[in-house]
Amino acid sequence: IKRLTDKPFGVNFTILENKKYKRQMDEWMHIAADEGVKFFLTSLGKPDRIVAFAKPKGIKIYHDVHTPRVAEKVAASGVDGLICLNDAMGGQTGNRSAETFAEEL
């Protein structure tokens, strides 16, 4: 990817409670940091571990949220931004319009 662009690029991590996957994700996070990735997109699960790893390295973290309640919890974990899933996102878990979500936040 670095050869194809001089623009920032990121890596997406789905947070799963699986020991084998967690080990693999740790390896991927280290590789991503070594390669100069500028941001991580995360979803599901609590991003605390990823925040603790990424913040000291200057990597931004943006987390998918599907309700205002989840948004509040995730924001408290220290992520840099929220990706507010809405009902127009095809295949996502959003259950309200983008406008309603924004008003509720």
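Counting from 1, the numbers follow the sequence of the chain as shown.
- Between the side chain of Tyr21 and the main chain of Thr14, a donor-acceptor pair closer than 3.5 Å is present.
- Residues meeting the salt bridge (charged side-chain N to carboxylate O under 4.0 Å, His left out) test with Glu103, sequence neighbours left out: none.
- Here the CD-CD distance, from Glu104 to Glu72, works out to 10.5 Å after rounding to the nearest 0.5 Å.
- In plain terms, the two heavy atoms of Ser97 and Asp87 that are nearest each other are CA-OD1, 3.4 Å.
- The shortest distance between side-chain heavy atoms of Phe13 and Leu41 does not fall below 4.5 Å.
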* For His30 and Phe53, run ring pair (Phe, Tyr, Trp, His ring centres under 6.0 Å): C-alpha distance rounded to whole Å, both residues' side-chain angles, the deciding distance at 0.1 Å, then the answer. => CA-CA 9 Å; His30 282 89; Phe53 173 85; 4.7 Å; yes
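- Within the 4.5 Å cutoff, the side chain of His63 has heavy atoms near those of the Ile15 side chain.
- Between Thr42 and Tyr62, the closest side-chain pair of non-hydrogen atoms is not below 4.5 Å.
- The stretch residues 40-52 participates, sequence neighbours left out, in these salt bridge (Lys or Arg N to Asp or Glu O under 4.0 Å) pairs: Asp26-Arg49.
- Annotation: side chain of Ile83 is not in contact with side chain of Val65 (no heavy-atom distance under 4.5 Å).
- For Phe101, there are no ring-ring contact (aromatic ring centres under 6.0 Å, His included) partners two or more places apart in sequence or in a different chain.
- Nearest heavy atom pair, residue Val79 against residue Pro47, reads CG1-CG, 3.8 Å.
- Lys38 pairs by the salt bridge (charged side-chain N to carboxylate O under 4.0 Å, His left out) definition with nothing, not counting sequence neighbours.
- How far CE of Met25 is from CZ of Phe40: 9.5 Å, rounded to the nearest 0.5 Å.
- For the residue pair Arg96 and His66, the shortest heavy atom distance occurs at NH1-O, 3.3 Å.
- Considering only heavy atoms from C-beta on, Cys84 comes within 4.5 Å of Leu105 through its side chain.
- By the side-chain contact (heavy atoms from CB on, under 4.5 Å) test, Glu35 is found to be paired with Lys2, Ile31, residues two or more places apart in sequence or in another chain being considered.
- Contact record, Lys55 with Gly78: CE-O, 2.9 Å, taken as the closest heavy-atom pair.
- Nearest heavy atoms, Ile59 versus Ala33: CD1-CB, 3.8 Å.
- Taking Lys57 as the reference, nothing meets the salt bridge (charged side-chain N to carboxylate O under 4.0 Å, His left out) condition, with sequence neighbours excluded.
- Here the closest non-hydrogen pair linking Ile61 and Val51 is CD1-CA, 4.0 Å.
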* To do: Could you check Leu44 against Leu16 for side-chain contact (heavy atoms from CB on, under 4.5 Å), going step by step and ending with a plain yes or no?
  => CA-CA 7 Å; Leu44 303 175; Leu16 302 174; 4.2 Å; yes
